[in-house]
Amino acid sequence: MSVLNQKSVLDMIKKFRRNWHTLCNSERTTVCGADSMLLALQLAMAENNKQLIGEFTVSLSDVLLTWKYLLHEKLNITTENVEVMDHYEDIRRTYDDFLKNSNMIDLIDIYNKCSVLTSSCENSTNISPSQLLDFLTGKQYTVDDKTDVYMPASPVSGHSQDNKKVQLLAKKIIYSYLNLLVNSKNDLALAHILNIPDRGLGIEAFTDLKHAAREKQMSIFLVATSFIRTIELGGKGYAPSPSDPLMTHVKGLSNFINFIDKLDEILGEIPNPSIAGGQLLSVIKMQLIKGQNSRDPFYKAVEEVAQDLDLRIKNIVNSQQEDVAVNTTDISPARPKSYAINHGTAYCGRDTVKMLLVLLDEEAASAPTSNKAELLYGDENTIHHHGISILTLFR
């Protein structure tokens with residue numbers, strides 16, 4: 001059943017992509033999978049608590065309680081026996097705003113949008129609300145082992161557990177780079193990779209960027225890009241104020257923006273999506289393992305994930321080329337201008353973008369993480385390469 005539901009979720013996303021022009025404002029809108037939905041809810045609740053009690057924090061039990069209610073409420077499944085948190089409407093509004101500002105859409109909104117399509121050949125979603133609920137909560141994955149998906153997993157084999165964590169970390173980082181490349185407004189993806197590898201852009205830098213983004217009502221990436229471009233242009237009329245908090249992070253931000261530029265150039269200059277995809281993975285891989293010991297678990301994990309994704313990209317490209325019914329889009333294949341500030345609207349590498357969207361959609365349709373405590377708070381001592389939990393970063 002789990003495999004069937006997962007396939008149904010992916011089919012639902014494909015249906016959304018085929019009809020994106022009537023269902024959302026941008027083809028580069030990225031899908032918020034179950035884990036990202038939960039992280040976004042955690043941030044929304046912490047933000048709400050900050051407004052109420054002055055502290056950007058929230059307990060695991062409160063997040064899980066509200067998560068359960070959110071899923072039932074958004075899917076229009078009876079909430080009679082589901083406890084609702086105080087100020088739920090405010091939390092829901094903050095959650096929706098976060099996704100909207102990040103140009104993301106969650107799986108339930110996709111389901112609801114697809115449900116109202118009137119086309120005779122697109123009139124069913126092939127998945128029921130209760131099946132989508134089971135998928136998002138991970139219920140289907142506990143039928144055999146009878147474990148509670150909300151409880152931290154008991155340590156079994158320390159070595160294998162650590163290897164799995166490192167593998168998942170490498171996967172999350174590489175996917176986040178690709179996600180930001182497709183959707184530059186995705187603050188969640190940026191938070192995962194801003195300081196990986198270490199660029200000296202820790203909590204202080206992220207906080208300064210977040211404050212600037214909120215003040216200017218822009219995405220964090222666009223704020224960082226605009227700041228670095230202003231410095232690169234030079235001249236008294238362009239130079240940022242010496243008192244600008246971001247001035248203390250120039251080196252790290254320049255390193256980050258220039259690296260994303262390098263990825264953007266590959267996207268715009270290599271027309272073959274299979275070659276472009278391979279190049280993107282190669283450049284990201286080299287950035288992540290630079291200076292690392294080849295026997296380090298993270299080094300090996302990055303190589304393995306990059307290799308797996310390269311094969312997956314080739315399969316996607318072959319499948320797209322064979323599909324005569326592939327939907328054409330209005331994206332201009334024109335190359336982006338050098339130093340284009342708004343990466344989100346500099347549409348380029350049309351076929352490569354479409355391929356990356358398929359790759360990201362498949363990841364969004366993957367099973368949710370069973371250990372919610374680790375997903376939301378994590379043990380920062382086990383996170384490689386100066387990683388910090390998302391809640392701590394946004395705080």
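Of the possible donor and acceptor atoms, one in the side chain of S226 sits under 3.5 Å from a partner among the backbone N and O of L222. Using a distance-only test at 3.5 Å, with no hydrogens or angles considered, no donor-acceptor pair links the side chain of N19 to the main chain of T22. No donor-acceptor distance shorter than 3.5 angstrom exists from the side chain of D351 to the backbone of P273, with no hydrogens or angles considered. Side-chain N or O atoms of D208 include none that pairs as donor or acceptor with a backbone N or O of L246 at under 3.5 Å. For the pair S389 (side chain) and T392 (backbone), a donor-acceptor distance under 3.5 Å is present. Remark: the backbone N or O of G33 is not paired with any side-chain donor or acceptor of S36 at under 3.5 angstrom. Listed for the K74 side chain is no donor-acceptor partner under 3.5 Å among the backbone atoms of I108. Judged by distance alone, with hydrogens and angles left aside, the side-chain atoms of N49 form no donor-acceptor pair with the main-chain N or O of G54 at under 3.5 Å. In this structure, N318 contributes its side chain and K314 its backbone to a donor-acceptor pair below 3.5 Å. N186 places no side-chain N or O within 3.5 Å of a backbone atom of N179 that could act as its donor or acceptor partner.
Ion pair R214/E47 flagged as a salt bridge, since at least one NZ, NE, NH1 or NH2 atom sits closer than 4.0 Å to an Asp/Glu carboxylate oxygen. The pair K262-E265 fails the salt-bridge criterion, with no side-chain N (NZ, NE, NH1 or NH2) lying under 4.0 Å from an Asp/Glu carboxylate O.
Just one residue in the list K100, R93, R92 forms a side chain to side chain donor-acceptor pair (under 3.5 Å) with D96, and that residue is R92.
Taking each heavy atom of K185 and S219 in turn, the nearest pair found is CA-CB, 3.7 Å. In terms of heavy-atom proximity, Y177 sits nearest to P197 at OH-CD, 3.9 Å. The minimum heavy-atom distance between F56 and R395, with the atom names listed, is O-NE, 2.9 Å. Nearest heavy-atom pair across V223 and A213 is CG2-CA, 3.5 Å.
Note that the CE atom of M45 and the NE2 atom of H87 stand 11.0 Å from one another [nearest 0.5 Å].
No cation-pi contact links K50 to F394, judged by a cut-off of 6.0 Å to the six-membered ring centre and 45° from its axis.
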